[in-house]
Amino acid sequence: MARRLYTSRLYFLISIFLCSPLQADDGPVLGTRVQFVDVAAEVGVALLNVSGDGQQQYVVDAFIGGSAFFDYDRDGDLDLYVLNGSRVGGFPGRDRPRNALYRNEGATFANATEESGLGDTGWGMGCAVADYDNDGDADLYVTNYGSNALYENRGDGAFVDVAQRAGVFGEEAFSTGCAFFDYDRDGDLDLYVANYVDFDHFMETTPDRRHEWRGLTVHFGPHGMRGEADVFYRNEGEGVFSNATAAAGLVDRDMLYGLGVVAGDYDNDGDADIYVANDTGPNYLYENRGDGTFADVAWMKGAAYGEGGQSQGCMGIAFGDYDNDAYPDILVTNFWEETNTLYHNDGGRFFSDLTFDAGVGLESFQFLAWGTEFFDYDNDGDKDLFVANGHVYPQVDRANLGVSYAQINQLFENMGDGTFAEVSLTSGAGLQIEKVSRGASFGDYDEDGDLDIFVLELNDLPTLLRNDGGAQNNYLIVRTEGTKSNRDGIGARIKLRCGDVTQVNEVRSGSSYLSQNDLRVHFGLGECTTVNRLDVFWPSGLVESFEDLSANRVLVIREGSGIVQPSQ
């Protein structure tokens, strides 16, 4: 592995010396059919992000990431929630930054923050969406530096924060990634919350709050800072959670620096497992034992470290089956000069590091990466890959390190043979934008059948990448409604066969980097116009099967009742 890393770095330096990397004429032109266009300003999404003072003097300044695509008003289209930050010194004498809710009006978005009550003025970090109380509408959990919020949807366009009453307010921590899932399959949703560092302790005990890095004076941390343990909350019903961290075997004894969180069934045994990306430490893969407890198996399964056995600066997580072998794989985004890491799922028994084999290693070496997802951007039946990039130190722009603070984001096309090809420079002007990107959320906001991307940009206006051309191929979108299972059907595993291609995906709350994708499951179908068979494996254990389904529509499946009309 050491030789491979040395070789990859050598190739990178040679490419810098000989030519500009990734030029469109350096090889075959791929992905030119689909173009991504930034339409944020055009459609009315214009929240200016504030996190720190631009010089990023503290570690807390760098890590905000959250946004969410979800249908808060049950009108059938995707609305958008965007988090905002703050500054250590506060905002004396002026309005504080606040989060924003944008209601989808078809061609544009309308700012619905005031009427919804979602204008949180805390220092936002991440969010996850789920109907935690099974009443038929989407609720929202927001992690902060400070107390967290659980916004209960009242069903009339307004939300109310019930975090303290529910027991999930977080006690002034520095919380980051979060995910709802039903770990015990009792029909209600539980909640895992990652925490990063004890920033208050740092401020109280550390007079020298800067340090030297590569000859630059930059913010301190996270190394040398005291971590904060992650927390697991069990849903007890009646709107109340209990802290079940110890009882479930999820004690973060090393108090690692937790960031991204994804809950999903990695071994296809019917229950939800948890993967946590830890910054500069080994990642966690908590395997659900099915008896109310978990065991961290990341080290023995090969998903804790990079291939060389080293810890990495891990941020975001893509969790999905990129090679259509029915087992979800994991990509973790990492710090500059570490490369992102692709863990291939070997039948639920082990993970193999295929980063370089798959073509996403050398390509990510010069970037510092955050939000990410496996998603089928061209609807051809396999999952492609998006990565949002941006450095943590603005000071790098004053040095000769071969890296900039603002960076382009990356799109990788799945070649169908286990490899990816980067198509960033041939896939539209939206992918040429250089900003300091963090979280990314995915959903079909304009209802044309292909997936669009929202990117939160640090101390800047956001980017909304409209997918132009992905719907030239066919698609199917599946929305699940649980009855015995949780109302959203979170954790439901959907298996689809169309011609010779079989795909598997899962309904999931919380993903990417501190963000939320549309809870509906999107499948690209290529030229296939009829789905031969679709199976839904519900968390309750019920399996329902459907045959000969027409493409290019949103399919609503209610547990025990089959295909139904959408509930409004």
Side-chain angles (χ1 to χ4, degrees), residues 36-47 66-83 99-113 115-116 118 126-131 136-142 151 153 155 157 159 180 371 373 375-377 379 386 430 439-456 462-468 470-471 475-481 487-490 505 507-512 514-524 552-557 566-568:
F36 284 92
V37 180
D38 178 21
V39 297
E42 174 185 329
V43 301
V45 179
L47 181 68
S67 61
F69 275 123
F70 74 118
D71 183 7
Y72 85 95
D73 52 3
R74 296 187 295 180
D75 65 351
D77 54 25
L78 289 179
D79 310 297
L80 177 64
Y81 189 64
V82 186
L83 271 65
N99 303 346
L101 175 69
Y102 293 96
R103 183 178 59 246
N104 194 327
E105 301 286 356
T108 61
F109 287 88
N111 193 319
T113 307
E115 65 199 63
S116 69
L118 287 176
C127 60
V129 170
D131 184 1
D137 45 37
D139 310 298
L140 176 70
Y141 190 74
V142 176
Y151 287 106
N153 192 329
F159 292 76
F180 286 101
E373 194 59 82
F375 76 121
D376 191 354
Y377 83 92
N379 284 357
F386 177 86
S441 300
F442 299 76
D444 181 14
Y445 87 89
D446 54 357
E447 300 182 87
D448 65 350
D450 51 34
L451 290 173
D452 311 295
I453 310 169
F454 178 83
V455 183
L456 187 143
T463 300
L464 177 56
L465 297 173
R466 187 184 65 205
N467 184 329
D468 289 347
Y475 70 93
L476 185 72
I477 295 175
V478 179
R479 188 180 117 195
T480 53
E481 290 185 2
R487 180 61 179 264
D488 289 322
I490 289 171
N505 213 333
V507 184
R508 190 172 302 117
S509 166
S511 192
S512 182
L514 319 190
S515 296
Q516 174 69 55
N517 302 329
D518 182 7
L519 283 170
R520 302 175 303 178
V521 177
H522 172 274
F523 293 95
N552 301 323
R553 59 175 170 151
V554 177
L555 199 66
V556 181
I557 300 177
S567 299
Q568 301 295 337

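In this text the structure is predicted, and so the values were computed from the model without any measurement.
Taking the six-membered ring wherever Trp is involved, the centroid distance between the rings of Tyr445 and Phe109 falls below 6.0 Å.
Here the straight-line distance linking atom CG of Leu118 with atom OH of Tyr102 works out to 12.5 Å at 0.5 Å rounding. Atom CD1 of Ile490 is separated from atom CZ of Phe180 by 8.0 Å, given to the nearest 0.5 angstrom. In this structure, CZ in Phe442 is found 6.5 Å from CG in Asn517, a value given to the nearest 0.5 Å. One finds the OH atom of Tyr151 at 11.0 Å from the CG atom of Leu101 (value rounded to the nearest 0.5 Å). Atom OH of residue Tyr72 and atom CG of residue Leu78 lie 13.0 Å apart, to the nearest 0.5 angstrom. For the atom pair Ser509 OG and Phe70 CZ, the distance stands at 11.5 Å (nearest 0.5 Å).
Between Cys127 and Gly66, the shortest heavy-atom distance links the atoms SG-C, 4.3 Å. Ser512 approaches Ala440 most closely through the heavy-atom pair OG-O, 2.8 Å. The nearest pair of heavy atoms linking Val478 to Ile557 is CG1-CD1, 4.0 Å. Scanning all heavy atoms of the two residues, the minimum distance from Asp444 to Arg520 falls at O-NH2, 4.2 Å. Contact detail for Ser511 and Glu373: the closest heavy-atom pair is OG-OE1, 2.7 Å. Considering all non-hydrogen atoms of both residues, Ala100 and Tyr81 come closest at O-CD1, 3.2 Å.
The closest donor-acceptor contact from the side chain of Asn379 to the backbone of Gly449 lies under 3.5 Å. Side-chain atoms of Asp38 come within 3.5 Å of backbone atoms of Leu464 as a donor-acceptor pair (strictly under, hydrogens ignored). For the pair Asp139 (side chain) and Asn153 (backbone), a donor-acceptor distance under 3.5 Å is present. Side chain of Ser67 to backbone of Leu456: no donor-acceptor contact under 3.5 angstrom is found. The main-chain N or O of Asp488 is found under 3.5 Å from a side-chain atom of Thr480 such that the two form a donor-acceptor pair. A donor-acceptor contact shorter than 3.5 Å links the side chain of Asp131 to the backbone of Gly136. At distances below 3.5 Å, at least one donor-acceptor pair connects side-chain atoms of Gln516 with backbone N or O atoms of Gly510.
Residues His522 and Tyr475 are in side-chain contact: their nearest non-hydrogen atoms beyond the backbone lie under 4.5 Å apart. You'll find the side chain of Asn552 stays beyond 4.5 Å of the side chain of Leu476, heavy atoms only.
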Full working for side chain to side chain contact (heavy atoms under 4.5 Å, CB included) between Phe523 and Leu555: CA-CA 11 Å; Phe523 293 95; Leu555 199 66; over 6 Å; no

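Side chains of Asn467 and Tyr377: a donor-acceptor N/O pair is absent below 3.5 angstrom, by distance only.
When Asp73, Leu80, Thr108, Asp77 are each tested for a side-chain contact (heavy atoms from CB on, under 4.5 Å) with Arg103, only one passes: Asp73.
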